[in-house]
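Inspection log for the structure reproduced underneath, given as structure tokens.
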2 protein chains.
Amino acid sequence: MMADWAMMAETDAAPAPKKGRPGFDRQAVLDVAVSAFIEHGYDATSMGMLSSRLGLSKAAIYHHYPAKAEMLRAALDEALNGLEGVLLEQGARDGTAEKRLAFVLRGAVHVLVARLPYVTLLLRVRGNTDIEREALRRRREFDRAVTALVVDARDSGTVRSDIEPAVVTRLLFGMINSIVEWYRPDGTESADQLADDVLAMALNGLSAS
Amino acid sequence: MMADWAMMAETDAAPAPKKGRPGFDRQAVLDVAVSAFIEHGYDATSMGMLSSRLGLSKAAIYHHYPAKAEMLRAALDEALNGLEGVLLEQGARDGTAEKRLAFVLRGAVHVLVARLPYVTLLLRVRGNTDIEREALRRRREFDRAVTALVVDARDSGTVRSDIEPAVVTRLLFGMINSIVEWYRPDGTESADQLADDVLAMALNGLSAS
DNA sequence: ATACTAACTGAACGACCGGTCGATAATAAA
DNA sequence: TTTATTATCGACCGGTCGTTCAGTTAGTAT
């Protein structure tokens, strides 16, 4: 059994004693915003649309977040913290190159599923603002770390050497990241089963064994 | 040698004798618009931005296209015509199931590269308007046809049967479609080389052979 | 020259955008 | 009951959006 990739850092543990008038908290607002961003795209989602989804006035949203872009930043942070967390796990640092690579790929699948909306948003970012560019930078750094694992696995002879490691990594993540386009957690396939399928396809391809 | 997937239908052959004041034609306008749509996203791209990129007034754009959304429709058509064209080729209909599947996957890679901006745009469509929904419908139909090929190849024993064909197809296209995120045609890798790499990864995975 | 045609322009339109403001409503603590 | 704290509201701001319209410009054909 491996540790949970599903949460990090922002864990308070204390439910916090509430004062003043009750209402939405930042997380509830963010969840609604992110699902709207995914449905209509970030730019096409207006504050008016968010306010009607929340059952709140536009102005009230600004009590929770100082700007629309700050909601995006918070969402992207949740996705990136999850992915970067995988690289910090022991399984990503100890063992053979092959085992470390498999651990990270499997961990990435689990983060994708556990934080599906946030990662979905992350994968659609194109870098038009400073916030988006910073997210892209962290994502590229994550990619670079995985490419290094592919290089290690190739040098130790467990991964094919006839394709550039950078291309291999991109194709691998092309496959893994596509999960956000079609996987729905309420289906019959569990996250573990999904990770098994992805790993099987990534390692051995679609040829009959 | 296989036929060219790069063009279809809209071939006039006749360069058309021009009358009146010379200027942009629809295709030139579309190319500029599509590259802007890709850079900033369709919604975030304003007609004002297009006009300054073209060196034209906003109003002049409406001489070539009756609406911003019609530019999107034209671009998505180019992408979908290319993909659907692959399924109409002889190689997609004759031969063993394995050969037909390989032909279509290779063909899809070639279309992706030949019509890179248009397919890039297609893959970002989320279905917020009727135009986008129609494009998604055609894309799903293409996916369904390929899934049928995967089923055939599985039944004939050349493709693994321990993963659902629908999941296999989605992972395959996750890999192939990711090409638009990183492949740049001016690099050292040709489209044929790229198709070889993708087919090798898809069929045999990343394990050393 | 003259007519014809396609390509283009500047100014304006109503609608909607993200964001601000000062006032107010609903709770817990005193 | 009062006070402090948090959450919310309606009205409004300057700016930008896609689109329209009535003219103008630059070519080809006669």
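Letters go in sequence order (proteins before strands), and every chain restarts at 1. All values below were derived from every heavy atom in this structure, side-chain atoms included, with hydrogens, water molecules and symmetry-related copies excluded.
Residue contacts for A:S57: at a heavy-atom cut-off of 4.0 Å it reaches a base atom on one of the strands shown. Nucleic acid contact for A:S51: none, since no nucleic acid atom lies under 4.0 Å from a heavy atom of the residue.
Following rounding to the nearest Å, A:Y65 (OH) and C:dT20 (C1') show an atom-to-atom distance of 20 Å. Nucleotide D:dG10 holds its P atom 11 Å from the CG atom of A:L56, rounded to whole Å. For the pair A:H64 NE2 and D:dT8 C1', the computed distance is 8 Å after rounding to whole Å. Taking atom CG of residue B:L50 and atom C1' of nucleotide D:dT19, one finds them 14 Å apart after rounding to whole Å. The separation between A:M47 atom CE and D:dC13 atom C1' is 16 Å, rounded to whole Å. Atom OH in B:Y62 sits about 4 Å away from atom P in D:dT19, given to the nearest Å. Summarising the geometry, the separation between CG on B:L54 and P on C:dA7 is reported as 14 Å, rounded to the nearest angstrom. In this structure, the CE atom of B:M49 is 14 Å from the C1' atom of D:dG18, given to the nearest Å.
The base of D:dT19 lies close enough to the side chain of B:K58 for a donor and an acceptor atom to sit less than 3.5 Å apart.
For B:R154, there are no salt bridge (Lys or Arg N to Asp or Glu O under 4.0 Å) partners, not counting sequence neighbours. Shown here are the salt bridge (Lys or Arg N to Asp or Glu O under 4.0 Å) partners of A:R73, two or more places apart in sequence or in another chain: A:E70.
Nearest-nucleotide mapping onto DNA chain C: of A:A59 and A:A44, the residue sitting toward the 5' end is A:A44.
Residues A:L105 and A:V198 have side chains not in contact (no heavy-atom distance under 4.5 Å, counting atoms from C-beta outward).
For A:E39, the CD atom sits in a packed shell: over 12 heavy atoms of surrounding residues, nucleotides or ligands are nearer than 6.0 Å. Within a 6.0 Å sphere centred on CZ of A:R93, other residues, nucleotides and ligands contribute 12 heavy atoms or fewer.
Contact between the side-chain N/O atoms of B:H63 and the OP1/OP2 oxygens of C:dT9 is not found at any separation under 4.0 Å.
There is no side-chain donor-acceptor pair under 3.5 Å between B:D25 and B:H64.
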Using a cutoff of under 3.5 Å, can you pull out all pairs of nitrogen or oxygen atoms linking the protein to nucleotides 25-28 of chain C, with atom names and distances?
from   : atom 1 : to    : atom 2 : distance (Å)
C:dA25 : N3     : A:R21 : NH1    : 3.2

Inset, instruction - Could you go through the salt bridge (Lys or Arg N to Asp or Glu O under 4.0 Å) check for A:D130 and A:R133 one step at a time? - result: CA-CA 5 Å; A:D130 283 338; A:R133 276 186 286 275; 3.0 Å; yes
